[in-house]
Structures are given as structure tokens and as C-alpha cells.
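Below is one structure, written out as C-alpha cells; the observations come after it.
As the structure is a prediction and not an experimental result, all values here were calculated from the model. Reminder, nothing fancy here: chain letters follow the sequence lines and each chain counts from 1.
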2 protein chains.
Amino acid sequence: MAQSGPNHSSGENLLFLTDEQLRKGIEAMFFAYRGFTADPDRILEEYGYGRAHHRALHFINRSYGTTVNNLLTTLGVTKQSLNRVLRGLIADGLVEARVGRTDRRERNLFLTEAGQDLERKLAEAQRVRMRAAYRAAGPQAVAGFRQVLEAMMDDDIRRTYQSLKDNR
Amino acid sequence: MAQSGPNHSSGENLLFLTDEQLRKGIEAMFFAYRGFTADPDRILEEYGYGRAHHRALHFINRSYGTTVNNLLTTLGVTKQSLNRVLRGLIADGLVEARVGRTDRRERNLFLTEAGQDLERKLAEAQRVRMRAAYRAAGPQAVAGFRQVLEAMMDDDIRRTYQSLKDNR
DNA sequence: AATCTTATGTCAGCCTTGTTGACATTCCAA
DNA sequence: TTGGAATGTCAACAAGGCTGACATAAGATT
């Protein structure tokens with residue numbers, strides 16, 4: 001388990017983990033996630049895309065040349081679902097799927113220029129809000145934010161997340 | 001990436017707000033939210049319900065006797081969408097809608113015994129994970145977590161959130 | 001060479017949950 | 001009395017999940 005920071009047993013943690021405190025955290029997640037997706041959603045609407053397209057663009061950009069199977073695992077959806085989205089992005093010239101070089105069954109995915117443009121636009125919209133939130137809360141709060149989020153992930157996803165974490 | 005760091009001004013914030021750091025925060029939100037909803041989702045499936053039902057149960061439980069309009073605002077969906085969900089919950093005997101006493105156009109919403117049972121079950125599943133994450137990250141991290149999430153909300157939603165914050 | 005397996009794509013159909021638009025009912029308030 | 005607010009309902013549609021079935025290509029194994 002993700003064990004890092006200071007820990008329990010200290011008496012001060014008793015009040016801390018009341019259902020009431022937990023409920024506030026739960027609601028904060030719900031409301032914050034809405035804010036988190038709101039700005040990209042508005043942009044996507046102009047293009048006739050949805051969140052699924054955003055996620056695909058993000059992770060293709062992020063893991064240059066990734067395969068369809070990799071993407072499936074990261075996104076946690078079925079191939080049919082992803083395929084529908086990819087088909088649209090490829091048809092619109094935002095994504096390119098090249099036959100794999102070592103294994104020709106695989107398709108390596110790339111963003112075209114246009115794809116990179118949209119990805120940048122979406123990412124920047126999301127960063128603006130994230131940056132503002134980070135600024136408002138301060139560095140120490142951000143560290144805590146990341147720690148809690150990381151501890152909240154499913155184990156296998158946390159591994160995926162961490163493997164993506166620092167490779168750029 | 002075309003352009004990297006934002007990097008204005010304030011000394012210690014320099015390294016802090018790189019696009020890279022922001023991207024990690026964005027991915028953390030995405031992956032953590034999946035974990036956050038995973039446990040309730042499994043329970044809901046057994047009952048043939050979806051997340052929309054969970055949200056309705058949560059906020060009806062939370063704001064005893066709330067009106068449909070209040071709920072709409074909190075949930076951020078259309079009345080038609082909410083109505084479909086409420087109809088199901090009422091038909092299944094989990095929610096009761098009583099005609100308003102002061103304004104008889106309004107419907108006051110309550111959980112029945114069965115509704116409270118399911119709500120408790122869902123909430124506890126979600127709390128288990130949240131509690132584990134809080135424990136793993138420690139009190140200071142939790143404070144930061146809450147600060148950043150709050151700063152990430154839309155302004156009007158933050159007001160709603162804060163008004164719900166301490167009234168119990 | 002034949003066969004098994006993997007990676008991917010595609011078709012069809014279903015579900016939840018969001019949307020709009022139109023229209024009815026109830027009932028408070030001016 | 002009349003306007004408007006709160007609510008409900010019906011219909012239609014879309015996005016984006018899902019399952020199941022089947023096709024194709026190509027790597028892997030026997």
C-alpha cells in the first residue's frame with residue numbers, strides 16, 4: 001500500500017476520520033471532477049466530440065506510438081468502444097494508425113498536426129484551471145492532493161499511473 | 001511539446017507549475033476518480049442501478065426533504081434526466097416524494113428505510129476507500145487534497161458545496 | 001505446413017444517462 | 001383573473017459504455 005506521509009495512531013487522527021470528514025471528501029471529489037472536465041467539455045462540443053475523444057487524444061499524445069491494446073488498458077474500456085472513437089479521430093485526420101514495424105498486427109497510434117493542435121488546446125484549458133487551483137492552494141497542498149489521489153487509485157491503475165509518471 | 005513551462009513570477013512556484021506537473025495532476029484526477037467510483041459501481045450493478053441513482057440517493061439522504069429543483073441544481077442535470085431516475089427509485093420504494101407543505105407544487109424527497117439501507121451500503125463502500133487513502137496519505141495531505149479540490153470547483157458549485165459543508 | 005493464438009476491426013444490439021422540445025397540471029402571487 | 005413557477009410526462013435523439021459474434025492478418029508453436 002502506498003505508505004508515505006506521517007501516520008495514524010497519533011490521537012489527532014481520531015476526529016479526522018469521522019464519516020462526516022469522509023463525506024466532505026466524497027462530495028469534494030464529485031464537485032471538483034465536474035469543474036475539472038467542464039472547460040475541455042466546452043471545447044469538445046464545438047468539434048462534435050466527447051470526453052472519450054479527449055481521453056484518447058491525451059494518452060496518444062502522452063505515449064507516442066502506443067498500441068491499441070495499451071490504450072485499452074489505460075482507458076479501461078472495451079475495444080469496440082475505443083474503436084468507435086478512434087475511427088472518428090482517424091477519419092477526421094487527427095490520429096494516424098500505422099502498422100507496427102516489429103509486429104505487423106499491431107497499430108501504432110500518433111497524433112497528426114491537427115490532432116496535436118486540438119490536444120494542446122484541450123490540455124491548456126484544463127491546465128489553466130489546475131494551475132489556478134494549485135496557486136490558490138499552495139505547494140504543500142498540491143503535494144497532499146497528489147498523495148491522496150494516488151492512494152485512491154486501484155492498485156493496477158496506480159502502477160500504470162506511476163509508470164507514466166516520470167518518463168518525459 | 002511545443003511550449004513548456006508557464007513560469008511567471010513568484011520564486012518557489014517556478015518549478016512547481018510546469019506543464020509536466022500539471023499533467024500529472026490531470027492524470028491523477030482521471031485515474032483516482034475511476035477508483036473513487038469503482039466500489040459503489042459494483043454494488044449498484046447488483047441492483048440494476050447506475051451512478052445517477054447513487055448521486056440522487058446521496059443528496060436526498062444528505063439534504064433531508066430537499067425539493068426536486070434543489071436536487072437539479074446540485075446534480076447539474078435536467079429535470080427530465082433526474083425524473084427518470086427518481087421515478088425508478090420511487091417505484092422501487094427507495095425514495096418517497098411528498099407534496100410540499102408550504103408550497104404544494106414542490107415535492108419534498110425522502111429516503112425510505114430501504115433507500116437508507118442502500119445509501120448506507122454505497123456510502124460505506126466509498127468511505128472504506130477514502131479512509132484508506134486518507135490514512136495512507138496522512139492528515140496534512142488530506143488538508144491539501146481538500147484545498148485543491150475546492151479551488152478546482154466552479155464558483156457557483158463551490159458555494160453549493162460550502163453551504164452543504166457543515167450542516168449536520 | 002498446419003494449427004493455435006493474438007491484435008485488431010467491425011457489425012448488431014442493448015443499456016444508462018445525458019440532451020431538447022412540446023405540452024399538461026397545479027397552484028402561488030400579483 | 002391571469003401570469004408564471006414548479007413539476008411531471010411523452011417522445012426522440014446522441015454519446016458512450018457494454019456483450020456477443022465473426023473476420024482478418026500475422027506472429028508463435030507444434
Can a salt bridge be assigned to the pair A:Glu96 and A:Arg107 using a cut-off of 4.0 Å between side-chain N and carboxylate O?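 So A:Glu96 does not pair with A:Arg107 through a salt bridge.
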
Carboxylate-amine/guanidinium proximity below 4.0 Å for A:Arg127 and B:Asp19: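 So A:Arg127 pairs with B:Asp19 through a salt bridge.
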
Drop me the distance from B:Gln126's CD to A:Phe30's CZ, to the nearest 0.5 angstrom.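 One gets 10.5 Å once the value is rounded to the nearest 0.5 Å.
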
Does the ring of B:Phe110 carry B:Arg98 above it, NZ/CZ under 6.0 angstrom from centre and within 45° of its axis?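 Geometry flag: set, cation within 6.0 Å and 45°.
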
If we ignore angles and hydrogens, is there a donor and acceptor under 3.5 Å between the side chains of B:Asp92 and B:Tyr49?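 On atom types as modelled, these side chains qualify, holding a pair under 3.5 Å.
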
Any side-chain donor-acceptor pair under 3.5 Å between B:His58 and A:Glu27?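 Side-chain D/A pair, B:His58 to A:Glu27: present.
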
Smallest separation among heavy atoms of B:Met152 and A:Arg129, with atom names: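 So the minimum-distance heavy-atom pair works out to O-NH1, 2.9 Å.
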
When the nearest nucleotide of DNA chain D is assigned to A:Val85 and to A:Arg101 on a heavy-atom basis, which residue is associated with the more 5' position?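 Nearest-nucleotide comparison on DNA chain D picks A:Val85.
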
Closer to the 5' end of DNA chain D via nearest nucleotide, is it B:Val68 or A:Thr78?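 Of the two residues, B:Val68 wins.
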
What nucleic acid atoms does A:Arg84 come within less than 4.0 Å of, heavy atoms only: base, sugar-phosphate, or nothing?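 The answer is base, as A:Arg84 lies within the cut-off (heavy atoms under 4.0 Å) of a base atom.
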
Reckon A:Gly76 touches a base, only the sugar-phosphate, or nothing at all at heavy-atom distances under 4.0 Å?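 Counting heavy atoms under 4.0 Å across all strands, the contact made by A:Gly76 is with sugar-phosphate only.
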
Heavy atoms of chain A, cut-off under 4.0 Å: which first and last nucleotide of DNA chain C, 5' to 3', fall inside that, if you could look?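 Going 5' to 3' along DNA chain C, contacts run C:dT6 to C:dC11.
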
How about B:Phe59 and B:Tyr161: are their ring centres within less than 6.0 Å of each other?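 Judged by ring-centre distance (under 6.0 Å), B:Phe59 and B:Tyr161 do not meet the cut-off.
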
Outermost DNA chain D nucleotides near chain B [under 4.0 Å, heavy atoms]: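 Endpoints of the contacted stretch of DNA chain D: D:dG4 to D:dC10.
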
